[in-house]
Peer 1: 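Take this structure, written in structure tokens, and hold onto it; I'll ask about it next.
Letters A, B, ... are given to chains in the order of the sequence lines, protein chains preceding strands, and every chain is numbered from 1.
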2 protein chains.
Amino acid sequence: MTATGSRARRERLRAETTAEIKKVALELMASGGPDAITLRAIAREMGMTANAIYGYFATRDDLVTTLISDVYTALADAVDAAWSATPATDPAVRIEAWANAFRTWALVNPQGFRLVYGDPVPGYRAPEGGPAPEAARRVCTGLTALAAAAWPHARHLYRDSAFDWSDFDPGLLDKVRPAFPDLPPAAVALALRVWGHLHGLVSLEVYGHMHNQTTNPEKLFREEIAQLLQTLGVPRRR
Amino acid sequence: MTATGSRARRERLRAETTAEIKKVALELMASGGPDAITLRAIAREMGMTANAIYGYFATRDDLVTTLISDVYTALADAVDAAWSATPATDPAVRIEAWANAFRTWALVNPQGFRLVYGDPVPGYRAPEGGPAPEAARRVCTGLTALAAAAWPHARHLYRDSAFDWSDFDPGLLDKVRPAFPDLPPAAVALALRVWGHLHGLVSLEVYGHMHNQTTNPEKLFREEIAQLLQTLGVPRRR
DNA sequence: ATCGCAACTTCACGCCGTATAGTTTCTGCA
DNA sequence: TGCAGAAACTATACGGCGTGAAGTTGCGAT
């Protein structure tokens, strides 16, 4: 039985090394931006040769893909947690919590935001499938929950909506329609638009483009949430 | 007079070479993304040595800064032109034209969009001042014109706005306030929020994040414009 | 005792930005 | 007309990058 025991041990060591590579890569990213994620720097930090990493990730892009997936999942966790921590009975509070969690996460992890939503690393091209789209869909599903919470108040605004299910990706609908069976296509369109609104404001802020325009991006974001709730007709409790 | 004549000729040659460097750099960017802007590739394309470029730009970052400025200016020109080509009497048409020009430019020049709004190039850090912020302010000023056009219809939505002039960058206000003397701070906040909305949707589309969610990003953008006009109360002519 | 394999290193190649030094070519003045 | 000097450009070199190929080491299984 030493056979299975030592194989288990080998696999454990392997998993630990893999975890360390990712940990060091994320540290490098946090301090030097996504560009600082280089195999040689990671190896240097770990007291290894750069080529040793090829035993764990086939290419640098594979490593980056994994990191994107991890970081994106962390973002999804953060916004989901904020949502779940608020009472289902008060849509305004939930929506505000979601949006604030999104912005806060981005400001705390600006390099992670760049990794996930920007050009991650020179020459990187994202693969087709994988778990990163999965995390993206979690975020979109969260946004749809947001739209669903607001829908009773907002539906009258979208009576003549021209959207139908074919306008959306089946992979997204597979997650969204079972979760919200009564929601029409127009609400998913609303969710994606809200995504765009929040992403845009946060993105401009993270990339420093807001800095030259406003001295108070937080206030602008609060105004955004307020106007969003008002537009949707979601009542704000005093 | 050969003195001044030949000096003029030298300067002309110099200007021509500078222009060629920028032209080749933009071609490389268009075909291979901002990462493809390398001094060696440019030089190769021009039949020169990489070091020759140092006679025209002190560092690669200097070249990139110039390119960002040029490309950003081209974007500002495009949206300004679309705005000016529409009748001042119909705010809805003007706003729609502006927004469509913004998205269209981004889709036609995706790499330019990434250069201006993303991480331009590995290791690049933008300098403080320079003409790129100038182009950014032109875009913001255009957006303020948009807000100003809608303001007669939209002002009632922002009666209890908490914004004042100190919330904005003086450099922006220097351009905006003389152009729109009657506009309150709330309208500038609205302009920046609209910027965020449009930037977010276009950015998600350019970076491929919308692809996994909707099959019809154009329709989503049209809906965005329609809802924008509706929430602002700007009448749409039939 | 030996085989096999996983982990890791060494060496090499071609990319990159850029510093330094040398070469060519042309300008402007004596 | 001849020559100093500047401008434009090349040559060489350094360190950093991703990565392919080949070699080394150590350990479990037979």
Side-chain angles (χ1 to χ4, degrees), chain A residues 1-21 24-25 28-29 31-67 119-125 127, chain B residues 1-21 24-25 28-29 31-67 119-125 127:
Chain A
M1 278 298 153
T2 43
T4 65
S6 47
R7 185 167 57 206
R9 180 174 165 278
R10 261 208 340 257
E11 279 168 10
R12 204 199 61 226
L13 284 178
R14 191 178 171 74
E16 280 172 7
T17 307
T18 308
E20 189 184 353
I21 292 171
V24 171
L28 286 168
M29 182 192 78
S31 64
D35 298 345
I37 304 173
T38 71
L39 298 185
R40 293 180 122 105
I42 295 166
R44 217 178 294 130
E45 208 78 15
M46 293 176 67
M48 288 170 57
T49 311
N51 274 344
I53 298 179
Y54 283 89
Y56 300 87
F57 297 93
T59 65
R60 183 208 53 162
D61 279 16
D62 275 27
L63 169 59
V64 170
T65 301
T66 303
L67 294 176
D119 298 301
V121 124
Y124 177 80
R125 284 291 150 256
Chain B
M1 280 295 159
T2 44
T4 65
S6 47
R7 185 168 56 207
R9 180 174 164 276
R10 260 210 339 257
E11 279 168 11
R12 204 198 62 224
L13 285 179
R14 189 178 173 75
E16 279 171 9
T17 306
T18 307
E20 190 185 352
I21 291 171
V24 171
L28 287 168
M29 181 193 77
S31 65
D35 298 344
I37 304 173
T38 70
L39 298 185
R40 294 179 120 105
I42 295 166
R44 217 178 294 130
E45 207 79 16
M46 293 177 67
M48 288 170 57
T49 312
N51 273 343
I53 299 178
Y54 283 89
Y56 300 87
F57 297 93
T59 67
R60 183 207 54 161
D61 278 17
D62 274 27
L63 169 59
V64 171
T65 301
T66 303
L67 294 176
D119 297 301
V121 124
Y124 177 81
R125 284 289 152 256

Peer 1: Tell me every residue that passes side-chain contact (heavy atoms from CB on, under 4.5 Å) with A/Ala41, counting only those two or more places apart in sequence or in another chain.
Peer 2: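 Applying side-chain contact (heavy atoms from CB on, under 4.5 Å) to A/Ala41 gives A/Leu28, A/Thr38, A/Arg44.
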
Peer 1: Looking at every heavy atom in both B/Phe57 and B/Thr66, which two are closest together, and how far apart are they?
Peer 2: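 Between these two residues, the closest heavy atoms are CE2-OG1, 3.7 Å.
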
Peer 1: B/Asp35 has an atom CG; how far is it from atom P of C/dG17, in whole Å?
Peer 2: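 To the nearest whole Å, that distance equals 11 Å.
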
Peer 1: Tell me the closest heavy-atom pair linking A/Arg14 and A/Gly55, and the distance in Å.
Peer 2: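 Here A/Arg14 and A/Gly55 meet closest at NH2-O, 2.6 Å.
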
Peer 1: Could you encode protein contacts along nucleotides 6-22 of chain D as a string, one character per nucleotide from 5' to 3', using B for base contact, S for sugar-phosphate-only contact and - for no contact, with a heavy-atom cut-off of under 4.0 Å?
Peer 2: --SSBBBB---BBBBB-

Peer 1: Please report the closest heavy-atom contact between B/Tyr54 and B/Leu39, naming both atoms and the distance.
Peer 2: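 For B/Tyr54 versus B/Leu39, the nearest heavy atoms are OH-CD1, 3.5 Å.
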
Peer 1: Quickly work out the B/Phe57 CZ to C/dT18 C1' distance and round it to whole Å.
Peer 2: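 After rounding, the reported distance stands at 16 Å.
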
Peer 1: Quick check: do B/Ile21 and B/Leu63 have side-chain heavy atoms less than 4.5 Å from each other?
Peer 2: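 With C-beta onward as the side chain, the pair touches.
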
